[in-house]
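Remarks on the structure that follows.
Keep in mind it's a predicted model, so treat the numbers as computed, not measured. The chains referred to below are lettered A, B, ... by the order of the sequence lines, with proteins before strands, and numbering in each begins at 1.
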Amino acid sequence: MRFMLQRRHRAVATCVLALGLTSMSQSHAEGLSVRAETLRLEVGGFTDDPGSSGAGLLRGAVSAKGGSGDLEYALGMRLDVLTQFGGRDFTRARGDYTENYLRWRGDDLRLTVGTQNVMWGRVDEISPIDRMSRADLTRAVLDKLPDRRRAVPALRAEYFGEDYKLDAVLLPTFDDAVMPHRDSVWHPVDVRRGRIFGIGTFPALVGVRVREADNDSSGGGGLRFTREADGMDYGLSIQRVRQSQPYYKLMGGTLQAVHPYSTTVGAEFETERGGATWRMEAAWTSDVPLTTRSFGYRTAHGYDVVVGAEMFPGDGETRVTLQLAAHRVMTDAAVLDRTEVYALTGEIEHPFALGRWRADLRFVAGLGKRDFYLNPRLTYTGIDQHEIFIAAHLFSGAERTLGGFYERNDSVSVGWQASF
Amino acid sequence: MLTGAAELTGSLLARGLACVVSGFLLASPAIADEAGMALAQRVYDRPDGDDATSAVTMALVEEGRSPRLRSMLLYRRSAPSGEVSTLIRFTEPADIEGTGLLTIDAPDGASNQWIYLPAMQRVRRVDSNRKGGRFVNSDYYYEDLRDRKPSMDEHRLLGRETVGGVECDVLESMPVEAGNSVYKRRVSWIDPASHLPLRVDFFEKDPQVPSKRLLVERQEQVQGFWTVMDSTLTDLGSGHQTRLTVRSMAYDRGLPERLFSSKALEDERMEREFRP
C-alpha cells in the first residue's frame, strides 16, 4: 500500500509539474486548452448524531488538452479537501490524477496510453458493467455516478466500424478506490460501533484494526463490443478485473481489505419505445466476495440485472429516470451478506423559472426490505457556469442496507460549483 | 430532424413551420388549399445545399438580467437517399462544452438520436420523438428543431402582408393530426424572394392567441443560398427571448458521412477540420 501511495503521490506531482510547464511554455500551441474543470465548495450539518455535527468539501480540478496531427495529449489533476467537525474531527487534503494520456488516432482506430476515464455500461446510478473505472467512495452515494468514478491507468484500443465499436482495455497497474478518511461517517467500516457495510453489526469488531490491501498487481482487462442498429443499440462485454472498492475480511483480529479478481460477462441494450428511452444491463460475475457466519471468506458467482427508463411526462421539461435493479449471489452457504437485493432507483429533474432554477430528487428504495435514500436538491442555475444549491440527504433502512447503515447520517448542505 | 439553431431559423423554420394568418380568418375552420400547400412545399424545397456548417451564438434574454450565452457548431448533411444527418456541438459555456447531439433522419420519417455527455463520457440514445420541452432552456421546443414535412400540416394561403418592408405571403398551417405537434397552429410570413419566413406566430393552447413569435432580423445570401443570420424568438407570455446569431456559415463543403457517427459524437477533435 505504501508503494502504491508513493506511486500515486509521484503521479500527482508529475501532473502538477506537467500542467505548470504546459501552461507556461505551450499556452500558444494549436488546440491547447487549459481549464478549471470543476470547482466546488460545500458545507453541511448532520441533523442526527453520526458522531460529528457537520462536514465540508472543497474540490478543484484543472486540465490541459492539446495535440498535433494524429497525436493528442491530456494532463490533469484534482485536489479534494474534506473536513469533518463537531466530534470525530479531521481535515484531509488529497491530490489525485485525472486524465493524463497520450493518444494516437487513425481513421478507424484510437490508441490511448495513460490515466483515463473508462465508464462502460448504459444505465444510471447502478451499472453492473461499469467495473473498469476506479470508485470514489469518499462521500458514499452523495454524489451522482459520474462524480463517483475516477480515472484509471490504462492502455486502450478503440476500433470504430461502420456501425459498431470494439473497445479493448488493459489495466497494467491496479489502483484501488478512493476511500473516506478512517474517521469519516461515510467509511464502510465503523469500528466505533463494530459495523461493516452490507454485513452487519458485531460487538467483537469494535476497535478492530483495518488494513488496506496490497495493490501491487495488474488491474486486469476487458473487451467490449457495442453496435448501433436502427431503433436500438446493444453491446456485449467480457472483463476480468480487480474490483476497486474494497471488501473486508476478518483475518486474525484484523479487517483486511481485499480486491478480488472476477470475470464479468455483460450484455446491454438500449432502445426507445412508448415515449421513453429504455436501457438494460445484465451481468454474470464469477467471484462475488462473501463472509460466512463463522467470518470465513469465500466467493460465489452472481447475477445483476438493471432495467431503466428515461422519460419526460406530458412531453414537458421534467425528466424522470427509473431503474429496477436486481442482484443475486448463487450460494448455498450461510453467509452474512445479502444474497438477494432488489431496489428501485431514480431521479426526477424539474427545471423551472425559465431554466434559472432546478428541483431534483434522487432516490433509492429497497424492494422486499426497508431501505430508503432520498436526496432532494434545489439549485439556482441562473448564472452560466455556476450552480448554487441546497440539498438534503435522508437515510432510513433495515440492518445491512444502505439506508440502514447510514441511518444517522441525515444531513442538509449548501454549496456552490462552477466550471471555467 | 434536429437541424440545429442556424438551420432552425433558416431552412427548418422555412420548411416546417411556415404558416400564415390574417385576423379575420382566425376563427375559420382550416381548409387546405392548393396554393397554400404549394407554397409550403416551395418553402420546404428551398435550396439549402447538400451540406451546411455554421457557428451560432444563442442568447437567452430576460428583462433586467444579463443574457445567458451558448455557442454551438452545427453540421448538416443531406444524403442523395434522402437521409438527413445533423450534429450539434456546444462550445460554450464551460459547463456544457463538448456536449454533442447527433440526429439521423431516415427518408421514411424515422429518427434516431444520440447525445454525448462529457461528464459521463458516454454516448446515449435519447427519445427522438420528443416534441415539448425547452431546448437548453431556450424558447425553442424540441419540435422546433425537427424537420417537419409539409404533409404533416394542412396549409392555407391567406393573403399578403408587409413585414419589415417586405411584402410577404401569409400562410397558415394546422397539424393534420393534433398529436403530431405541440402547436395548434402556426402562421408564417414568407418572403417570396428567399422563401424564408420573416415572421412566425406559434399558437399553443389558444388557437386565437399566439404564445411565441419568431422575427427574422437579418437574412443574407451565402454562396447563393438564402440564410437567416439573426433572429429572435419571443415568449409572448413572459417576454423571455432567444436570439440566434450566425457567426459564420458555409455550404457544400463535402462533409463526410463519418462526421455523423457515434465516433465523431464522442470525439470532438474529429470535427475540427470541418469547423467554419
Side-chain angles (χ1 to χ4, degrees), chain A residues 31 33 35-37 65 67 72 103 105 107-108 110 116-122 124 144-147 149 158 160 162-163 165 226 228-233 270-272 275-279 310-312 314-319 351 354-356 381-387 417-420, chain B residues 60 62 65-70 92-98 102 104 106 110-115 117-139 141-143 179 182 235 238-240 242 257-258 261-270 272:
Chain A
S33 66
R35 54 178 293 199
E37 287 189 339
K65 289 186 177 177
E72 175 190 348
R103 174 174 289 164
R105 59 184 67 237
D107 286 342
D108 300 318
R110 194 164 72 179
Q116 52 197 295
N117 297 322
V118 184
M119 274 188 75
W120 285 2
R122 292 174 192 269
D124 298 296
K144 290 187 182 182
L145 183 64
D147 287 333
R149 294 290 179 266
E158 296 163 277
F160 295 86
E162 189 173 345
D163 58 359
K165 177 183 173 182
T226 52
E228 291 159 6
D230 188 24
M232 57 177 257
D233 304 336
E270 192 168 15
T271 189
E272 55 171 297
T277 305
W278 297 88
R279 302 186 177 103
E310 177 186 44
M311 62 202 90
F312 297 85
D315 203 17
E317 293 173 57
T318 304
R319 173 178 176 265
L354 299 169
R356 291 190 178 274
T381 56
I383 308 170
D384 275 341
Q385 302 171 227
H386 298 262
E387 291 192 359
Q417 67 180 37
S419 301
F420 299 100
Chain B
L60 309 181
E62 202 173 347
R65 298 175 185 270
S66 53
R68 290 176 288 168
L69 302 177
R70 280 110 179 79
E92 286 180 342
D95 52 352
I96 59 170
E97 181 186 351
L102 172 66
I104 309 289
S111 290
N112 287 280
Q113 193 172 81
W114 297 266
I115 191 167
L117 301 169
M120 299 181 75
Q121 296 195 358
R122 279 178 174 173
V123 171
R124 308 185 79 178
R125 182 177 283 271
V126 292
D127 182 6
S128 60
N129 293 311
R130 190 179 177 201
K131 295 186 283 292
R134 294 170 181 272
F135 177 66
V136 292
N137 293 324
S138 73
D139 295 290
Y141 296 155
Y142 280 84
E143 176 184 341
V182 295
D235 182 325
S238 66
H240 189 270
T242 302
E257 189 176 2
R258 64 185 163 85
S261 63
S262 61
K263 179 188 178 189
L265 184 60
E266 68 176 89
D267 190 350
E268 199 177 340
R269 289 179 62 88
M270 260 191 75
R272 286 203 173 160

Identify which part of Glu158(A) has an atom lying under 4.5 Å from any heavy atom of chain B, answering side chain, backbone, both or neither. side chain
Region of Ser128(B) in contact with chain A, defined by heavy-atom distances below 4.5 Å: both
Do you know which two heavy atoms are closest between Pro118(B) and Gly98(B), and how far apart they sit? CG-C, 3.5 Å
Looking at Glu72(A) and Lys65(A), is any side-chain nitrogen of the basic one under 4.0 Å from a carboxylate oxygen of the acidic one? no
CG-CG distance between Leu69(B) and Leu60(B), expressed to the nearest 0.5 angstrom: 8.0 Å
Let me confirm one number: the CZ-CZ distance from Arg319(A) to Phe312(A), rounded to the nearest 0.5 Å. 6.0 Å
Go through Ser419(A), Gly316(A), Gly231(A) and name the one with the most non-hydrogen pairs under 4.5 angstrom from chain B. Gly231(A)
Which atoms of Arg122(B) approach chain A - backbone, side chain, both or neither, heavy atom under 4.5 Å: side chain
When you check the gap from the basic side-chain N to the acidic O, do Arg70(B) and Asp384(A) get nearer than 4.0 Å? yes
Report the option among Asn117(A), Ile383(A), Asp147(A) that has the most heavy-atom pairs separated by less than 4.5 Å from atoms of chain B. Asn117(A)
Taking every heavy-atom pair that is under 4.5 Å apart, which of Arg130(B), Glu62(B), Met120(B), Glu97(B) has the most such pairs with chain A? Arg130(B)
Any ion pair linking Glu266(B) and Lys165(A) (charged N to carboxylate O, less than 4.0 Å)? yes
Heavy-atom distances under 4.5 Å only: say whether Asp163(A) touches chain B with side chain, backbone, both or neither. neither
Bottom line for Thr271(A): the part with an atom under 4.5 Å from chain B's heavy atoms is backbone
Does this structure show an ion pair linking Asp235(B) with Arg134(B), if we count only N-O contacts that are shorter than 4.0 Å? yes
d(Glu270(A) CD, Glu228(A) CD) to nearest 0.5 Å is 9.5 Å
Turns out that what part of Ser261(B) lies under 4.5 Å from chain A's heavy atoms comes down to neither
Against chain B, work out which of Glu387(A), Arg149(A), Arg110(A), Glu310(A) has the most heavy-atom pairs shorter than 4.5 Å and name it. Arg110(A)
Tell me, for Thr381(A) versus chain B, whether the close heavy atoms (under 4.5 Å) come from the side chain, the backbone, both or neither. backbone
Counting only non-hydrogen atoms closer than 4.5 Å, does Val136(B) touch chain A with its backbone (N, CA, C, O), its side chain (CB onward), both, or neither? neither
Using only atom types and a distance under 3.5 Å, with no angle test, would you say the side chain of Thr277(A) pairs donor to acceptor with the backbone of Asp127(B)? yes
Met232(A) versus chain B, heavy atoms under 4.5 Å apart: side chain, backbone, both or neither? backbone
In terms of heavy-atom proximity below 4.5 Å to chain B, should Phe160(A) be classed as side chain, backbone, both, or neither? side chain
With chain A as the partner, which of Glu257(B), Glu92(B), Arg258(B), Arg68(B) has the greatest number of non-hydrogen pairs under 4.5 Å? Arg68(B)
If you round to the nearest 0.5 Å, how far is CD of Gln116(A) from CD of Gln121(B)? 9.0 Å
What part of Arg356(A) is in contact with chain B, defined as an atom under 4.5 angstrom from a non-hydrogen atom: side chain, backbone, both or neither? both
